[in-house]
Colleague: 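Take this structure first; my questions come after.
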There are 2 protein chains.
Amino acid sequence: MKPIAIGELSRRAAVKVPTIRFYEERGLLPTPERTEGNRRTYGEADVRTLRFIRHARELGFEIEDIRALLDLAGHPERPCGEADAIARKHLADIDDRIARLTGLRQEMKAMVEQCSGGDVRECRIIEVLADHGECLSDRH
Amino acid sequence: MKPIAIGELSRRAAVKVPTIRFYEERGLLPTPERTEGNRRTYGEADVRTLRFIRHARELGFEIEDIRALLDLAGHPERPCGEADAIARKHLADIDDRIARLTGLRQEMKAMVEQCSGGDVRECRIIEVLADHGECLSDRH
DNA sequence: CTTGCTCCTCTAGTCGCTGGAGGAAGTAGG
DNA sequence: CCTACTTCCTCCAGCGACTAGAGGAGCAAG
């Protein structure tokens, strides 16, 4: 297994180099070994971990949650109730966000469709934004 | 029309007091008049403007976009193509976010359901997050 | 050996707030 | 009129999660 440089890790995990260093500083990634010339070297495990982190971030997990999950992953003998709790919390969260965004989409769509292409005077976009009472949805 | 204090404005527009001052500093709210004792005083127009801002923020508009919209609103003689463009950009954005979140929801749901309640050893949550290839969706 | 890329550390900036310190002004009750 | 309480003022620091830049060193290919 040949060592992986930070740039390659960056490409393979689709995470920018400074962000990798940031994750290391925040304790999400283990302190990597260094070459003689003081460069970080990684292995395949780090690629997986970093993908895990990126993926979790895309799912909206906060750094703290991710650290908790990684801690858990590092201790396979512990029951996974905690990981489950974190994930469930996020499921609820995601449902909420989808509902909100769907409502907002309705409004935004209506706004765009009602725009007559004329002056701002008769532009519904600004009107609708100005008066919350005109919203199509009350989900927010 | 009696003057409105910042606290009342805050309650009526559902925007925190420091956030109001922040918006003022960022040029989203006009510099308000002051009382003899140096307190900001607002009017009904400010309530509407602030609601406009809050609403736009909830829709995910950035401060810069909001400033552009407000500028437009202040010049009713200009054509509203720009407002339309901003709103359209956001509609596309929202659609994208909904699609992504829906995919993520699937995954998250599968994760939670597959959690056996046993050890981390057989916990799907960590596995699924660790390996992007197991995703149910390719939308992200 | 030189060119050009990657990497190092460190610091500062981004966005959109949020909170606190320390003090002045306004208000309601006695 | 005095006191107590609330609201407001300014200024400054901090949050999360990066992102960007300066200034310098290491390394691989031609």
Side-chain angles (χ1 to χ4, degrees), chain A residues 2-29 31-43 46 49-70 86 89-90 93 97 100 140, chain B residues 2-29 31-43 46 49-70 86 90 93 97 140:
Chain A
K2 55 178 177 289
I4 299 167
I6 199 168
E8 201 193 328
L9 178 64
S10 166
R11 280 186 296 278
R12 288 185 52 193
V15 172
K16 289 178 185 166
V17 169
T19 307
I20 294 171
R21 295 197 272 249
F22 168 77
Y23 286 157
E24 179 187 331
E25 192 210 297
R26 290 310 186 87
L28 293 192
L29 283 175
T31 313
E33 303 209 346
R34 303 280 184 134
T35 64
E36 295 224 332
N38 196 34
R39 282 150 184 246
R40 291 167 176 84
T41 50
Y42 299 94
D46 295 305
T49 304
L50 191 51
R51 283 188 183 151
F52 174 113
I53 295 169
R54 195 206 61 200
H55 197 190
R57 285 290 304 130
E58 283 173 354
L59 281 158
F61 286 91
E62 286 164 23
I63 297 269
E64 269 316 297
D65 286 344
I66 296 170
R67 206 202 328 266
L69 286 171
L70 284 169
I86 295 170
K89 195 188 101 214
H90 263 80
D93 232 63
R97 276 198 261 168
R100 281 171 59 90
H140 63 282
Chain B
K2 56 177 177 287
I4 298 168
I6 199 167
E8 201 193 329
L9 177 64
S10 165
R11 279 185 296 278
R12 288 186 51 190
V15 173
K16 288 179 185 167
V17 169
T19 306
I20 294 171
R21 294 197 273 249
F22 169 77
Y23 287 156
E24 179 188 331
E25 191 210 297
R26 291 309 187 89
L28 294 191
L29 284 175
T31 314
E33 305 209 343
R34 303 278 185 137
T35 63
E36 296 224 330
N38 197 34
R39 285 154 180 240
R40 291 167 177 85
T41 49
Y42 299 93
D46 296 306
T49 305
L50 192 50
R51 282 186 184 153
F52 174 113
I53 296 169
R54 195 205 61 202
H55 197 189
R57 285 289 305 131
E58 284 173 353
L59 280 158
F61 286 91
E62 286 165 22
I63 298 268
E64 269 315 297
D65 287 342
I66 297 170
R67 205 200 332 263
L69 286 172
L70 284 169
I86 295 170
H90 262 80
D93 232 65
R97 275 197 263 168
H140 65 280

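Heavy atoms only: backbone and side chains are in, while hydrogens, waters and symmetry mates are out. Within every chain, numbering begins at 1; the chains are lettered A, B, ... in the order of the sequence lines, protein sequences first and strands thereafter.
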Colleague: Identify, between B:G37 and B:I63, the residue whose nearest nucleotide on DNA chain C lies closer to the 5' end.
Modeller: B:I63

Colleague: Strictly distance-based, threshold 3.5 Å: is any side-chain N or O of B:T41 a donor or acceptor partner for the main-chain N or O of B:I4?
Modeller: no

Colleague: Is a donor on one side and an acceptor on the other found under 3.5 Å between the side chain of A:R39 and the backbone of A:A5?
Modeller: no

Colleague: Do A:Y42 and A:I20 come close enough that some side-chain heavy atom pair is under 4.5 Å?
Modeller: yes

Colleague: So which heavy atom on A:A13 is nearest to which on A:R54, and how close?
Modeller: O-NH1, 2.9 Å

Colleague: Under a criterion of less than 4.0 angstrom to any heavy atom of chain B, what are the 5'-terminal and 3'-terminal contacting nucleotides of DNA chain C?
Modeller: C:dG16 to C:dG26

Colleague: Please identify the 5'-most and 3'-most nucleotides of DNA chain D with any atom under 4.0 angstrom from a heavy atom of chain A.
Modeller: D:dA17 to D:dC27

Colleague: Partners of A:D65 by salt bridge (charged side-chain N to carboxylate O under 4.0 Å, His left out), sequence neighbours excluded?
Modeller: A:K89

Colleague: For residues 18-28 of chain A, which residue pairs qualify under side-chain hydrogen bond (donor to acceptor under 3.5 Å, both in side chains), counting only residues two or more places apart or in two chains?
Modeller: A:E24-A:R40

Colleague: Which part of the nucleic acid does B:E62 contact within heavy-atom distance under 4.0 Å: base, sugar-phosphate only, or nothing?
Modeller: sugar-phosphate

Colleague: For B:E8, enumerate each residue passing the salt bridge (charged side-chain N to carboxylate O under 4.0 Å, His left out) test, keeping only those at least two apart in sequence or located in another chain.
Modeller: B:R12

Colleague: For DNA chain C, which residues of residues 6-23 of chain A approach it to below 4.0 angstrom with any heavy atom?
Modeller: A:I6, A:G7, A:R21

Colleague: Side-chain contact, heavy-atom cut-off 4.5 Å: B:L50 with B:L9?
Modeller: yes

Colleague: With sequence neighbours left out, write down each residue that passes side chain to side chain donor-acceptor pair (under 3.5 Å) with A:E62, or none if nothing qualifies.
Modeller: none

Colleague: For B:E64, enumerate each residue passing the side chain to side chain donor-acceptor pair (under 3.5 Å) test, keeping only those at least two apart in sequence or located in another chain.
Modeller: B:R67

Colleague: More 5' along DNA chain C: B:E36 or B:E64, using each one's nearest nucleotide?
Modeller: B:E64

Colleague: On DNA chain D, nearest-nucleotide positions of A:R26 versus A:R39: which is more 5'?
Modeller: A:R26

